[in-house]
Amino acid sequence: MQHFSTPDYLTLTYRSDLHFLVARWQRPVSGAETREGYQHILEAALLCQCPYWLLDGRRRTPADDETTNWGLNEFFPTLSTHLGQTVFMSQLLSPTYQMLTMDLPAFAEADANSDRTYFMRRFNDETSAVEWLQQAQQQL
């Protein structure tokens with residue numbers, strides 16, 4: 001395991017045994033902290049050359065509309081350009097967080113024949129989130 005230096009609201013660990021980058025939000029964060037946190041995640045992913053991310057957001061609150069739009073329209077679509085491959089993000093959310101974000105666009109299942117630059121799926125249990133990332137690794 002490799003740990004990265006991050007601000008107090010985020011922990012980052014690369015699990016070489018699973019080839020996952022695990023990002024755990026430690027508290028509710030502002031829009032600026034969310035954007036900064038995702039930059040830290042990308043930097044760690046580049047160092048590890050890891051396109052499989054487990055994003056644990058159970059301790060945070062949903063992002064504001066501006067930050068959500070930044071992620072969906074600016075940040076996530078550029079990830080494959082940075083990493084040179086499709087990025088798979090397993091988003092682990094509390095049931096309350098999931099209910100608050102039900103109106104956000106759904107993300108498609110991983111499909112090796114797709115031209116999508118990233119795939120994201122939401123979960124509220126870690127076992128399922130990990131299994132989805134493992135299945136994504138096997139498909140490619």
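None of the values given here were measured: they were computed from a predicted structure. Computed from heavy atoms alone, side chains included, the values below leave out hydrogens, waters and symmetry copies.
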Can you tell me how far apart CD (Gln134) and CD (Gln139) are? Round to the nearest 0.5 Å. 12.5 Å
For a quick test of reading the model, state the closest non-hydrogen atom pair linking Gln49 to Pro51 and the distance between them. O-CD, 3.6 Å
salt_bridge(Arg27, Glu33) N-O dist < 4.0 Å: yes
Interatomic spacing from SG in Cys50 to CZ in Arg15 - rounded to 0.5 Å: 11.5 Å
Can you name the nearest heavy-atom pair linking Gly57 to Trp25, along with the distance? CA-CD1, 3.9 Å
Val22 vs Met1, test: side chain to side chain contact (heavy atoms under 4.5 Å, CB included). Steps then yes/no. CA-CA 10 Å; Val22 180; Met1 275 198 280; over 6 Å; no
For a quick test of reading the model, state the closest non-hydrogen atom pair linking Met89 to Trp132 and the distance between them. O-CZ3, 3.4 Å
Looking at CG of Leu133 and CD of Glu131, how far apart are the two atoms once the value is rounded to the nearest 0.5 Å? 10.5 Å
Side-chain atoms of residues 73-82: list all donor-acceptor pairs with protein atoms under 3.5 Å, sequence neighbours left out, distances to 0.1 Å.
| residue | atom | partner | partner atom | Å |
| --- | --- | --- | --- | --- |
| Asn73 | ND2 | Asn69 | O | 3.2 |
| Thr78 | OG1 | Phe75 | O | 2.8 |

Side-chain contact, heavy-atom cut-off 4.5 Å: Met120 with Trp53? no
Nearest 0.5 angstrom please: Ser94 OG to Arg59 CZ, how far? 12.0 Å
Glu36 side chain vs Pro7 backbone, donor-acceptor pair below 3.5 Å: no
So how far is it from Leu47 CG to Leu21 CG, rounded to the nearest 0.5 Å? 10.0 Å
Which of these, Asp56, Leu55, Leu10, sits in a side-chain contact (heavy atoms from CB on, under 4.5 Å) with Arg24? Asp56
All heavy atoms of Thr11 vs all of Gln26, minimum pair found to be OG1-NE2, 3.4 Å
Check the side chains of His3 and Tyr14 for a donor-acceptor pair under 3.5 angstrom, ignoring hydrogens and angles. no
Geometric class of the Phe88/Tyr52 ring pair [parallel <30°, tilted 30-60°, perpendicular >60°]: parallel
Could you go through the side chain to side chain contact (heavy atoms under 4.5 Å, CB included) check for Leu12 and Glu43 one step at a time? CA-CA 10 Å; Leu12 281 174; Glu43 289 169 15; over 6 Å; no
With no hydrogens and no angle check, do the side chains of Thr86 and Arg116 hold a donor and an acceptor under 3.5 Å apart? no
Looking at Asp8, I want to see if its CG is surrounded by more than 12 non-hydrogen atoms of other residues, nucleotides or ligands under 6.0 Å. yes
Correct closest heavy-atom pair for Ala129 and Ser90 would be O-OG, 2.9 Å
Looking at CG of Leu54 and CZ of Phe123, how far apart are the two atoms once the value is rounded to the nearest 0.5 Å? 9.5 Å
